[in-house]
Amino acid sequence: MFRILKKEVLSPSVKLLEIEAPRIAQKARAGQFLILRVNKQGERIPLTVADCNRERGSVTIVFLEVGKTTRLLGNLEQGEAIRDVVGPLGNPTEIENFGRVACVAGGVGVACIYPICRAFKEAGNEVIGIVGARTKEFLFWEDRLRAVVDELLITTDDGSYGRQGFVTDVLREVAERSSPPDRVVAVGPLPMMRAVCRVTKDYGLKTIVSLNPIMVDGIGMCGACRVTVAGQTRVACVEGPEFDGHDVDFDELAQRLRRYQDQEREALARFEAECDGRC
Amino acid sequence: MLENGGNSAERKRIIPRRVPVSRREPKERIKDFEEVVRGYTPEEAMAEADRCLQCKQPHCREGCPVGLDIPAFIALIREGRFDEAAAKVREENLLPSICGRVCPQENQCEERCTLGKKYEPVAIGRLERFLGDYELDRGKDVPEPAPPSGRRVAVVGSGPGGLTCAADLARLGHAVKLFESLHMPGGVLVYGIPEFRLPKRIVHAEIDTIHRMGVDIECNVVVGQTVTIDELFSEGFDAVFVGTGAGSPRFPGIAGQNLPGVQSANGFLTRVNLMRAYRFPEYDTPVRIGRRVVVLGGGNVAMDAARTALRLGAEEVRIVYRRSREELPARQEEVHHAEEEGVKFTFLAAPVRCLAGEDGRVGRIECQRYELGAPDASGRRRPVPIPGSEFIMEVDNVIVAIGQGPNPLIQKTTPDLEIGPKGTIVVDPVTGATSKRGVFAGGDIVVGTATVIMAMGAGRTAARAIDAYLRGEADPWANWKVKVR
Ligand SMILES: Cc1cc2nc3c(=O)[nH]c(=O)nc-3n(C[C@H](O)[C@H](O)[C@H](O)COP(=O)(O)OP(=O)(O)OC[C@H]3O[C@@H](n4cnc5c(N)ncnc54)[C@H](O)[C@@H]3O)c2cc1C
Ligand SMILES: Cc1cc2nc3c(=O)[nH]c(=O)nc-3n(C[C@H](O)[C@H](O)[C@H](O)COP(=O)(O)OP(=O)(O)OC[C@H]3O[C@@H](n4cnc5c(N)ncnc54)[C@H](O)[C@@H]3O)c2cc1C
Ligand code: SF4
Ligand code: SF4
Ligand code: FES
C-alpha cells in the first residue's frame, strides 16, 4: 500500500497527490511515469511523475479527472492509500545543453512539463515555457514554472488570462524570432501535440512529444501501447514515451485511444450512479 | 507391494484404456471461465495408477524434464498412500497441481510411457494433478528449512522459474526476496494461462506455500527501472536470479497491424486474466471482442486466446496457422478442447495485411495460402507461400499470437550482462550463471518461450549452483565461457 501524504486541488477536476513511494522517489527522472491501481478491482493507469522528493521518499502526481479511475483517485484523501504503484517507467527525457529549448504544455501537461523545464534549465539551457489552459481557472503551477524557466508565455482559450488563443499561436511567434529554439518539447492532449508538430515542421524545429497511449503493464508485455513512429511499430512504455513528433502517426494513435470508449463511459456512469453524484 | 510391482512388465495384466476424466460439456463451459477438466477422484486415481507396469526401465522418467520418479509415486497412489506419493512428487516438482494441468505430457513423460507403445499411455499428468490438488485441499505443511546461512538472494520475476528457485533457496536456509513487476506474483501462470485451464486459486495457494516457507515477495518492482541489479547488490544481496520470462509480443510486420481492433494475445489475455476484465464492470478494466475473431498462430497462447474470445461472446473464432495440423505446437488436449468448443481452423495460411473498415477499426484481413516445402533447421517442413492464393476474411478483431520475445528491461540497464542475438540472457547451462558475477538466470528469459516445467527445472538448477556459490563450494565464474550462438 502506498500512503497519500498530501492532496491539493489545483483547478476544477485537476488534483495533486503526493504519495509515499521511496523506491520510485530515488529513481524517477524528468519524463518518466508510473502506473497505479487504486484498489483490488481497479484498472492500471499511467501517470507522469510530476515531482519527487528523495528525502521524504515521495512522488507527486497531477491528474485530470476524466473517467472512473481518475475520479476514484481524486476522491482519496490524505492518509488514505493506493494499492499499487510501480515505476519509474519509460525513458527519461533526453536532457542536454541544446542551447534554447521551448517547452510547450497544454492542460494537465503543465505538471508533466515542469520537471522537464527544470532539468533543461539545470543543464544550462535557455528555457522558454509555453503553457495553455482553457480559462484562468484551469491554470496551475504558474509560480513553480516561473522559477525554472527564462520566459513564460501563457495562453487561455477565452483570453481570461495571458494571451487569448492557443499555444500554437505563441509557438509560431517564438519560431519566427531571429533566434528560434533549438529544440521543442510538447506534452499535453493529443490534438495539441499534433498541432504543435504541424507548426514546428514548417520551421524545421526538432520536436519531442510525450505520447499517452492506453497502457496495461508498462513493461512491454501487452502491446497495448504500441504506436507507429517513422513507419515502425514502437512500444511506448519501454521505447518511449517520448518520440520525435514529426515521425508519429497521430491519426492511428487517436483511434486506438478511443478503443474502449463505450466501456469507459459505462464504468463512469455506473460509478456516478452508485455514489449519487456525491463525487 | 513395491517389490512385487517391480516384476517384469509382460506378466502384468494390461489395461489398454485410461480411466476417463470428467470434463464439462462444451456447450456449458463456453458460457463461463470455470475449469474444463475436473480431475480424478481418489478411486479413479487408484484405478489409473493400477495400469502402470512399474517398468524396470521407466522411460517415462526420461521424458520428464525434471526426471520425476514417476513409477514410485504411481505405486504409492495405487496403494492409496497419497501423502507419501505427493511428497515423492515434490522431491523434484514443486508445483504438481500446475504441471499436471499444463505440461505438454504427450511430448514428454507420456510420450515415452511403455504402455503407450501399443495402448494408451498412463495418464501421468492427471495423476500428478490429483496429488497436487489432494495436498492443496488438505492445507499441507511447509517443509522445515535448513539452518539460516546468513546469505541473501534476490529473485527477479515470479513465474515458475523464479518461484522454484526462491523456494529451493529458502529450503536451503538462505534469506530470499522475490521481486515482481506486476501487482501480483505468478508470471504467465496468472496473467497468461486462463482460469478455465488453470484456476488462479491453485496458483495463489502454491505461492502462499512458498511465502510460508519464508520467501518474502515484493510486487511493483521493475528491476532495471525501479532498482538495478547493481543496486540490489548494494542493498546487501549476495546473489541474484533473473527469471523475467518472455512476454514481449511479436507482431507479423504487416500493413495495418496497429489498427484498432488488432491486439496481441498477451495484451488480450492480461486484460482478461490478470485484470479480470471478463468480470467488467465489477472489475474496472474493460475488454472488447467483436462477433468475428481471427487468431494468428498455433501454440498454447493462440488456443487460450481463441477459447477466451469464445467465452467473451464472439460468435466465430478462427485460428489461422502457417503450417498444418500436425505441426501445431499447442498441447493436443487443448487443441481438442478448442475444436469441441467450436473454434475453427484455417491451416497453411498466413496474414498479408489488415484492412480498416468504415469506422477506421480493422474490418478485414487478407491472408495467403501456404504449402509445406523441405524441412527447415527445426526439422519441420517449411511453409512456402503460394503466389496468387490471397483471400480475404471479414473480421471484427484480430488477435496476434505468433510468439513472444524476452522481456527487455534488465538487459537494457545491465551493460555487463551478456545478451544473445535475440535478446535472451546468455548463461552456462550447467549452472545458470550469467556473464556477470553473482547473477544467474533461467526460464524463458534464457531460452525464449518454452514450458512451465522447463522454467522450473532451470530455477532448480540455478538454486543448486547459487547455494554452492554462496557456501564457497564452487565458483561458476572460475572459467565461465559460453559460446554465444
Ligand atoms: C505515459 C503516460 C503519462 C500520463 N500522464 C498523465 C498525467 O500526468 N496526468 C493525467 O491527468 N493523465 C495522464 N495520462 C493519461 C491517463 O493515464 C488517463 O487519463 C487515465 O488512464 C484515464 O483513466 P480513467 O479510468 O480515469 O478514464 P477512462 O475511463 O479510462 O477514460 C476516459 C477518457 O480518457 C481517455 N483516455 C483513456 N486512457 C487514456 C490515456 N492513456 N491517455 C489519454 N487519454 C486517455 C479515453 O479515451 C476516454 O475518453 C498519461 C498517460 C500516459 C500513457
Ligand atoms: C498464454 C500462454 C499459455 C501457455 N501455456 C502453457 C502450457 O500449457 N504449458 C506449458 O508448459 N507452458 C505454457 N506456456 C509457457 C509458460 O507459461 C512459460 O514457458 C513459463 O511461464 C516461463 O516461466 P518463467 O519463470 O521463465 O517466466 P514467466 O512466467 O514469464 O514470468 C516472468 C515474470 O517476471 C516478471 N518480470 C518481467 N520483467 C521483470 C523485471 N524487469 N523486474 C521484475 N519482474 C519482471 C513478469 O511480470 C513475470 O511475472 C504458456 C505461455 C503463455 C503466454
Ligand atoms: S512434470 Fe510434466 S513432464 Fe514431468 S512427469 Fe509431471 S507432467 Fe510429466
Ligand atoms: S513407462 Fe509408463 S508403464 Fe512404465 S513405469 Fe512409466 S508410467 Fe508406468
Ligand atoms: S503497456 Fe503493455 S506493452 Fe506497453
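Letters A, B, ... mirror the listed sequences (proteins, then strands); counts begin at 1.
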Item checked: B:S248 portion near chain A, given a 4.5 angstrom heavy-atom threshold -> both
Item checked: Heavy-atom contact with chain B under 4.5 Å, split by part of A:V235 -> neither
Item checked: Portion of A:Q232 that has a non-hydrogen atom of chain B nearer than 4.5 angstrom -> neither
Next item on the list: Run the salt-bridge test on A:K15 and A:E65 with the 4.0 Å N-O cut-off and return the result as yes or no.
Entry: yes
Note to self: Heavy-atom cut-off 4.5 Å, strictly under: side chain, backbone, both or neither for A:V238 against chain B?
What the structure shows: both
Checklist line | chain B contact via A:L253 - side chain, backbone, both or neither, heavy atoms under 4.5 Å | finding: neither
Notebook entry, point to check: With only heavy atoms counted, which part of B:L182 is less than 4.5 Å from chain A, the side chain, the backbone, both or neither?
Noted result: both
Note to self: So that I can tick it off, tell me whether A:E80 and A:R3 are bridged by a salt bridge, with the cut-off set at under 4.0 angstrom between side-chain N and carboxylate O.
What the structure shows: no
Checklist line | Interface moiety of A:R256 toward chain B, non-hydrogen atoms closer than 4.5 Å | finding: both
Note to self: So for A:I214, is it side chain, backbone, both, or neither that comes closer than 4.5 Å to the heavy atoms of chain B?
What the structure shows: side chain
Notebook entry, point to check: Side chain, backbone, both or neither: which part of B:R276 has a non-hydrogen atom closer than 4.5 Å to chain A?
Noted result: neither
Note to self: Is B:N258 close to chain A through its backbone or its side chain, or both, or neither, when contacts mean heavy atoms under 4.5 Å?
What the structure shows: both
Next item on the list: Tell me, for B:E231 versus chain A, whether the close heavy atoms (under 4.5 Å) come from the side chain, the backbone, both or neither.
Entry: side chain
Margin query: I'd like to verify something: which residue of B:K412, B:R271, B:Q263 has the highest number of heavy-atom pairs under 4.5 Å with chain A?
Written below: B:R271
Next item on the list: Check each atom of B:V188 against the heavy atoms of chain A and say whether the ones under 4.5 Å are side chain, backbone, both or neither.
Entry: neither
Notebook entry, point to check: Side chain, backbone, both or neither: which part of B:P408 has an atom under 4.5 Å from a heavy atom of chain A?
Noted result: side chain
Next item on the list: Can you tell which part of B:V400 gets under 4.5 Å to a heavy atom of chain A, answering side chain, backbone, both or neither?
Entry: neither
Notebook entry, point to check: Where does B:E180 contact chain A at under 4.5 Å (heavy atoms): side chain, backbone, both or neither?
Noted result: neither
Check: Under 4.0 Å between a Lys/Arg side-chain N and an Asp/Glu carboxylate O for B:E235 and A:R23?
Finding: yes
Check: With a 4.5 angstrom heavy-atom cut-off, which part of A:V227 approaches chain B: side chain, backbone, both or neither?
Finding: backbone
Notebook entry, point to check: Do A:L190 and A:F250 have side chains that get closer than 4.5 Å, going by heavy atoms?
Noted result: yes
Item checked: Within residues 247-293 of chain B or reaching into it, pairs that qualify as ring pair (Phe, Tyr, Trp, His ring centres under 6.0 Å) - sequence neighbours excluded -> B:F33-B:Y278
